[in-house]
Amino acid sequence: MASIVLFDVQHLYYLPQYLPVAKVLKSQDVEVRFILHKEAGYDEIKAQKLDEEQFDYCFISGKSYAFEFYKQQEVDWIIFGNVPPFPSKDKALLHAKLALMQHGIGPKSCYYKVSEYPFDVRFVEGESRLARLTKLFPQRTFVNISYAKLDPLYDGSPAVVSLEDLGLDPAKPTVLYAPTFFPSSIERFDDNWPSALSDFNIILKPHFFSMTKEKYAAQKSKLKRWSSYDNVYLTQKSEFCLVSFMKIADVMLSDASSAIFEFAAINKPVVWCDFTKKKWNYTGLFKFRMNKRLDSDIAIFHDIAHHASNPVNANKLLRESVNAPHAKSSERLSITRFMVGEMDGKCSSRIAHYLTTNNQVLPCEE
């Protein structure tokens, strides 16, 4: 049985992926601690959430301090949601084994590139990605385990929010707009977009960076403008878990976000915005940069989502999706099995079992 497991939280939005696993480990008397990187404006939210869940945690000042901190920890496992903030050559100086639970399952090339780092194990979502990662990195250890973040949608957990809680009309269909920050569709919609969908509730769940990074200030401004409409709810900083809103939405609107895979996995309709704003240095002669950022997995969006080429088309497809929610249902279910894995609410238990049965502490090199 593993005795101590640490979860490295570089960003607030890693918590929804970690918490289901941490809860299972805790129920098995494993000591669990969260290591929080300081993040301006979000430290209080992280602490409050972990206090609510009764988990131990501590803050470190930033990525540059992480290695020295972890070097002093005699623990069994450290779980990361992305590449660790220290070079792979330093890994041998740690007592712990390192595991990767990627924080997203979207179509960006970083999903695959992070496995260049020599984790002791990477937990993988679905047969297709397992096969591709194994081919790309035959020297690495991958375990097909599914996606822990979605366990609360399948394990019988009750919805933690309602439309009434958000001030929305339960008699209206609800669209969950979950765009990424780049390349994003936000700037392509008009300032008065919610008026074109006055017969819908609209829940705005933007990426963390759209609301926090100065270079995406235009996105934040537009989101704030939309939130003034009566049929719109803009999620707050503390409402960082997309899963809570997936339960009460009828259809999702998104772009190059892993949210599309997540929503399709619960067999609800998705409208894919294939009309994103691109920076000048990602277009024309520099288009290769965008191709490098986005992986070929984005082609699968054609099969699981309704393809919108412009904002007017997106609005039309939202209405059609609500009227015929079972269209593309068979495609969603089939592709989910390959791209996300077994959706049974037990992914966290499978991860916990692996961690507690592969827990030999490593001798570190001095």
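Values in this document were obtained by computation on a predicted structure and should not be read as measured data.
Judged by distance alone, with hydrogens and angles left aside, the side-chain atoms of Lys268 form a donor-acceptor pair with the main-chain N or O of Met246 at under 3.5 Å. A donor-acceptor contact shorter than 3.5 Å links the side chain of Ser228 to the backbone of Arg225. Side-chain atoms of Lys172 come within 3.5 Å of backbone N or O of Ser198 as a donor-acceptor pair. Without hydrogens or angle criteria, Asp8 side chain to Ile35 main chain gives no donor-acceptor distance under 3.5 Å. Checked by atom type and distance alone, the side chain of Gln17 pairs as donor or acceptor with a backbone atom of Lys149 at under 3.5 Å. Between the side chain of Glu187 and the backbone N or O of Ser185, no donor-acceptor pair lies under 3.5 Å. At distances below 3.5 Å, not a single donor-acceptor pair connects side-chain atoms of Ser254 with backbone N or O atoms of Trp272. Panel note: side chain Asn231, backbone Phe200; a donor-acceptor pair is recorded below 3.5 Å. A distance-only check finds no donor-acceptor pair linking the side chain of Ser221 to the backbone of Ala217 [under 3.5 Å]. In this structure, the side chain of Thr357 engages the main chain of His353 through a donor-acceptor pair within 3.5 Å.
In terms of the side-chain hydrogen bond (donor to acceptor under 3.5 Å, both in side chains) criterion, residue partners of Lys46 (sequence neighbours excluded) are, by chain and number, Glu39. Partners of Glu52 according to the side-chain contact (heavy atoms from CB on, under 4.5 Å) rule, which considers only residues two or more places apart in sequence or in another chain, are Gln48, Lys49. Legend: residues meeting ring pair (Phe, Tyr, Trp, His ring centres under 6.0 Å) with Phe7, ordered by chain and number and at least two apart, are Tyr18, Phe34. Residues forming a side-chain contact (heavy atoms from CB on, under 4.5 Å) with Tyr65 (at least two apart in sequence, or on another chain): Ser61.
Tyr111 carries Arg122 over the face of its six-membered ring, with the cationic atom under 6.0 Å from the centre and within 45° of the normal. Relative to the ring axis of Tyr147, Arg129 does not place its NZ or CZ within 45° and under 6.0 Å from the centre.
Checked for salt-bridge contact, Asp90 and Lys71 miss the test: no charged N lies under 4.0 Å from a carboxylate O. A salt bridge links Asp191 with Lys222: the closest approach of a Lys/Arg side-chain nitrogen to an acidic carboxylate oxygen falls below 4.0 angstrom.
Classification of the Phe181-Phe209 ring pair by plane angle, with boundaries at 30° and 60°, yields perpendicular. Note: Tyr177 and Trp226 have tilted aromatic rings, judged against thresholds of 30 and 60 degrees for the angle between ring planes.
If you check the side chains of Thr180 and Asp255, you find no donor sitting under 3.5 Å from an acceptor. A donor-acceptor contact closer than 3.5 angstrom links the side chains of Tyr57 and Asp51.
For residues 335-347, the set of pairs meeting the side chain to side chain donor-acceptor pair (under 3.5 Å) definition, not counting sequence neighbours, comprises Asp344-Arg350.
Atom CD of Glu164 has more than 12 heavy atoms from other residues, nucleotides or ligands within 6.0 Å. The environment of Lys237 atom NZ is dense: over 12 non-hydrogen atoms of other residues, nucleotides or ligands sit within 6.0 angstrom.
You'll find the ring centres of His207 and Tyr13 inside the 6.0 Å limit. In summary, the aromatic rings of Tyr354 and Phe123 are positioned with their centroids under 6.0 Å apart. Ring centroid separation for the pair Phe245 and Phe263 does not come in under the 6.0 Å cut-off.
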Output side-chain donor-acceptor pairs under 3.5 Å for residues 136-144, partner residues at least two apart or in another chain, one line each.
from: Arg140; atom 1: NE; to: Ser115; atom 2: O; distance (Å): 3.0
from: Arg140; atom 1: NE; to: Tyr117; atom 2: O; distance (Å): 3.4
from: Arg140; atom 1: NH2; to: Glu116; atom 2: O; distance (Å): 2.5
from: Asn144; atom 1: OD1; to: Gly126; atom 2: N; distance (Å): 3.0

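Considering every non-hydrogen atom in both Asn267 and Arg332, the closest pair reads OD1-NE, 3.0 Å. Closest approach of Val270 and Ala264 over heavy atoms only: CG2-N, 4.0 Å.
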